[in-house]
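Letters go in sequence order (proteins before strands), and every chain restarts at 1.
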Amino acid sequence: MDLKSVEKKWQQRWEKAKLNNFDKRSNAPKLYVLEMFSYPSGAKLHVGHWYNYGPTDSYARFKRMQGFNVFQPMGFDAFGLPAENYAIKTGVHPKDSTEKNIATMEEQLRAMGAMFDWSAEIKTCDESYYKWTQWMFLQLYKKGLAYRKEAPVNWCPSCQTVLANEQVIEGKCERCSSEIVRKNLTQWFFKITEYAEELLSGLDGLDWPEKTKNMQRNWIGKSTGCEIEFACESGDKIRVYTTRCDTVFGVTYVVLAPEHPLALKLTTPDREADVKAYIDYASKANEIERLSATREKTGVFTGSYAVNPVNGRRIPIYLADYVLASYGTGAVMAVPAHDERDYAFATKYGLPVVKVIERQGGDTVLPFTEDGIVVNSLNFDGLVGEEARDAISKHISMLGKGGRKVNYRLRDWLVSRQRYWGAPIPIIHCTKCGAVPVPEKDLPVRLPYDVEFRPDGKSPLAKHEKFMHTTCPNCGGEALRDPDTLDTFVCSSWYYLRYADPENDKMPFDREAVDRMLPVDTYVGGAEHACMHLLYARFFTKALRDMGYLDFDEPFRRLVHQGVILGPDGNRMSKSHGNVVSPDDYVNEYGSDAFRLYLMFGFSYTEGGPWNDDGIKAVARFLDRVEKIVLKVNEYHTGKTEPFGSEEKALDYARNFAIARVTRDLESFSFNTAIARLMELVNVIYKYDGLETKNITLLKETVKDLLLLLAPCAPHFSEELWEKTGERGFIVEQRYPTENAAALVLDEKEYAVQVNSKIVTKAMIPSSYTGSEVETFVMGLPEVVERVAGKTVKKCVVVPGRLVNLIIG
RNA sequence: GCCGCUGUGGCGGAAUCGGCAGACGCCUCAGACUUAAAAUCUGAUACCCGGAAGGGUGUACCGGUUCAAAUCCGGUCAGCGGCACCA
């Protein structure tokens, strides 16, 4: 079959019949199958796109044939740095290159033959979309979930912009690997921390990979501990956060982060020069140095003292940059005896070490950081671990000096970017009124085209006079626009909602439309988004719910990650490795169906693996075999329903077995085994067709089921054969076969016969036999008789339909 | 350091519950067809010993539970991913 021309033909027919569009009038149950939308950075689809979209489309087609009203939209995550960086390099405007890339990718996505509902297509760089991204910002602002603050932020000197914590990997920019520096800048944040607890607890009910849920749990980083207030002799109060309040009697000093608001206030005049020098030193350290656990502890004494609330001990106050300003209270109580960092610091600066925990039933070597028996702690002595923490935290709250406290590692999401190619932040800065939100009626704040986007550390928009100058919506006076754009992850945090109502120009979406279509039933995409997109989208959903715009808590009910297809050499595909496999080459030679089929068959879907040329030839051969047998059987004269003996039973069994297993496997994204079962069925059909006398009716029915089973996996190929064999209508509109349970009941089953857990023979045993009948049966087998002779059977284990194990001795 | 995952033939990978390890496919070998090759079809194909019948070993390694372990438990090693001075 010339797949190339056949594919085009069916794509046109599907389109004409609007088969790919969600049927709004149908009352069949809806099923929202979503693949993560494409980022149009390169012009062409790469293997990763095909691997994400091809098999998932087969899943969607399968569900459609099962009777679901499937919605499978596609769009483009079109804003972002790569287009802008490309522009800086080549001078091609990001809008132009992005539009061109999108056009090419759309064409390629259509050629894939996926059942995408293009009527719902969205592009995040379109005004009609980013208008509502800006609207989202305004709603979050109104709700107090978007705020501006000056804070030390991650600055990438190469990309010339700030980054979210999530975009910093080991102190380096996730895009360009430049070392991140810390800068104090006034930026916009989303208060994702407000939802930390719900983002954590909500994970339990989700059908997501455990690994991904764990990554989010880890990222949110819930920790249950205790806040304790230490009074300073100056009258100030220092609150510290600890998870080990059972060690509070061992505190020998207190440490503040160098950025702590009290740092300078608590510094005595004689210490001022040293402290200032230290603060300066700490601020110059870059993220990598600062975060390195092996870095030598440094710090400085402030000259002031505080008092331990539980024992009245006078303890010095230090500054040290091993304490993070952004976590907990930015201050810690130091217990050198029971914390490695404090121990190292105390040893270096000659501070006392007081042991208050002992190992149960063993020697205590300091620093001892595990749970143990409390000692030297007044009436708390003898308590252990959690019970000690419980008692001591209660005591502290009784003293009015603090108490139980939960902390999260999650930080608020920094959304400002000093870049051009993004949605402008809809805020106007007025010298009189401050930051004023752009009125909703004035949206969108249009991104101007004629902008000098070469980065110089300032937002490109800041240099665009016409864009910047405006009037304050509040007082009417002269005012300036916010020159920053929104992180592209803001755009992708709500796109799955817009698909449900893509043309709405009054609202981002109609609540009813969204409640009807959402949540997404099955979401498929790469695992690299675990702590970014997937977390942000959950946050948006919850915030929008609380603002009354939707009625569900979680956007993605089921999540599947496809694996990564590596180059033939086992490395990640990249130009520098020279191992990039181009889908086009294979699609041109073998067709989209064969290419998709290989992606399904050659890998475990969630694992991925190295590309291999031979595999695609194998699936092309399989399709040839299917075509041959389908056309051959089609020529047989109909009507013969005889015979129906053991050969026919075997064929019917194989057919129904395939139906049952393929259905199960497609449901669980186990595409490779689904295809394997189809290959088995084809092998059985070939064998049966080789017989002298055959039941033509049964054979034809079996071949028809084979085509139906294959239809989601090789859609064009199956349509063509469906038509060629004289069937009417589109195969994709047929019902997926369901198995006939009766055909799967065999008269006899093959048992493995074991004696003392070793297989001695195999035997066909009637399915109707009871356990004792099976035992009697196998006792008569020569291989068993021979071994049992002169011995007694102590035990007999029968696993119905599978195995018998005789224990003799 | 912490959390998680993975480890199965020459290769990609199967094996929902603990129940015949290696489905399906690739590679390789043999046979059929062919003047020949390709394509196609049929068969073999975990490893070791053996001519065969047969026997032994085997799911990273060591041990345990069980009639029975790739699967459960304990330990070790290797690889991958995430987090990491979070008190």
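No side-chain heavy atom of A:Tyr688 sits under 4.5 Å from any side-chain heavy atom of A:Arg655. Contact annotation: the side chain of A:Ile675 never approaches that of A:Tyr598 to less than 4.5 Å [non-hydrogen atoms, C-beta and beyond].
Within a 6.0 Å sphere centred on OH of A:Tyr769, heavy atoms belonging to other residues, nucleotides or ligands number 12 at most.
Along RNA chain B, the nucleotide nearest A:Phe603 and the nucleotide nearest A:Glu210 are compared for position; the residue whose nucleotide lies closer to the 5' end is A:Glu210. Checking A:Ser757 against A:Asp624, the closest nucleotide of RNA chain B that is more toward the 5' end is the one next to A:Asp624.
The gap from the P atom of B:G50 to that of B:A60 amounts to 28 Å, rounded to the nearest Å. Across the C1' atoms, B:C48 and B:C41 are found 33 Å apart, a figure rounded to whole Å. One P atom belongs to B:A53, the other to B:C77, and the distance between them is 44 Å to the nearest Å. Taking the P atoms as reference points, B:A15 lies 16 Å from B:G25, given to the whole Å. Distance check on atom C1': B:U57 versus B:U8 gives 15 Å, rounded to whole Å. The P atoms of B:C61 and B:G9 are separated by 10 Å, rounded to the nearest whole Å. Separation of the P atoms belonging to B:A70 and B:G63 is 15 Å when rounded to the nearest angstrom. Comparing the C1' positions of B:A69 and B:G18 gives a spacing of 6 Å, expressed to the nearest Å.
Close to B:C24, at under 4.0 Å from its OP1 or OP2, lies no side-chain N or O of A:Thr673.
Across all strands shown, B:A15 has no partner, as no Watson-Crick or G-U wobble contact with both distances under 3.5 Å is found. Remark: B:C2 base-pairs with B:G82. Criterion, Watson-Crick or G-U wobble with two distances under 3.5 Å. Using the Watson-Crick or G-U wobble rule with both distances under 3.5 Å, B:U40 pairs with B:A32. Searching all strands for a Watson-Crick or G-U wobble partner of B:C47 with both distances below 3.5 Å returns B:G56. The partner of B:C77 is B:G7, judged by Watson-Crick or G-U wobble contacts that both fall below 3.5 Å.
Side chains of A:Asp569 and A:Asn579: a donor on one and an acceptor on the other come within 3.5 Å. Remark: the A:Thr673 side chain and the A:Arg661 side chain contain no N/O donor-acceptor pair separated by less than 3.5 Å. Side-chain atoms of A:Tyr586 and A:Asp613 form a donor-acceptor pair, as typed in the model, at a separation below 3.5 Å.
Spacing between atom CG of A:Leu410 and atom P of B:C83 amounts to 13 Å, rounded to whole angstrom units. Between the OH atom of A:Tyr253 and the C1' atom of B:A87 there is a distance of 11 Å, given to the nearest Å. Per the geometry, CG belonging to A:Asn571 stands 16 Å off P belonging to B:G79, to the nearest Å.
The side chain of A:Asp321 lies closest to B:C85 when the candidates are B:C85, B:U57, B:G19. Comparing B:G13, B:A21, B:G19 against the side chain of A:Ile759 picks out B:A21 as the nearest. Listed candidates were B:G81, B:C20, B:G25. Nearest to the side chain of A:Phe601 is B:G25. Checking B:C67, B:A87, B:A14 against the side-chain heavy atoms of A:Lys795 singles out B:C67 as nearest. Counting only heavy atoms from C-beta on, A:Ala618 has its side chain closest to B:G25 among B:G19, B:G25, B:A87. Nearest to the side chain of A:Glu680, among B:C26, B:A23, B:C20, sits B:A23. Closest to the A:Asn672 side chain, of the nucleotides B:A15, B:U57, B:G13, is B:G13. Out of B:C83, B:G4, B:C67, the shortest distance to the side chain of A:Lys211 is found at B:G4.
You'll find a donor-acceptor pair under 3.5 Å spanning the side chain of A:Lys762 and the base of B:C20, going by distance alone. You won't find any donor-acceptor pair under 3.5 Å spanning the side chain of A:Asn218 and the base of B:C83, going by distance alone. Residue side chain A:Lys297 reaches the base of B:C85 through a donor-acceptor N/O pair under 3.5 Å, judged by distance alone.
As judged by a 4.0 angstrom heavy-atom cut-off over every strand, A:Glu750 is placed among the base-contacting residues. Counting any heavy atom pair closer than 4.0 Å across all strands shown, A:Lys758 reaches sugar-phosphate atoms only and no base atom. A:Leu803 comes within 4.0 angstrom of a base, heavy atoms only. Using a 4.0 Å heavy-atom cutoff across all strands shown, A:Gly602 reaches sugar-phosphate atoms only and no base atom. Residue contacts shown for A:Gly608 are limited to sugar-phosphate atoms, with no base heavy atom under 4.0 Å away.
Taking the ring axis of A:Phe249 as reference, the NZ or CZ atom of A:Arg244 does not stay both within 45° of it and closer than 6.0 Å to the ring centre.
Contacts classified as salt bridge (charged side-chain N to carboxylate O under 4.0 Å, His left out) and involving residues 668-680 of chain A (residues at least two apart or in different chains) are given here: A:Arg677-A:Glu680.
A syn base is found at B:G9: its glycosidic angle is within 90° of 0.
For the atom pair CG of A:Leu203 and CD of A:Glu210, the computed distance is 9.0 Å after rounding to the nearest 0.5 Å.
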Step-by-step side-chain hydrogen bond (donor to acceptor under 3.5 Å, both in side chains) determination, A:Arg411 to A:Thr193: CA-CA 6 Å; A:Arg411 307 290 155 78; A:Thr193 52; over 6 Å; no

Nucleic acid footprint by protein, nucleotides 41-49 of chain B - heavy-atom cut-off 4.0 Å, B for base, S for sugar-phosphate alone: S-S------

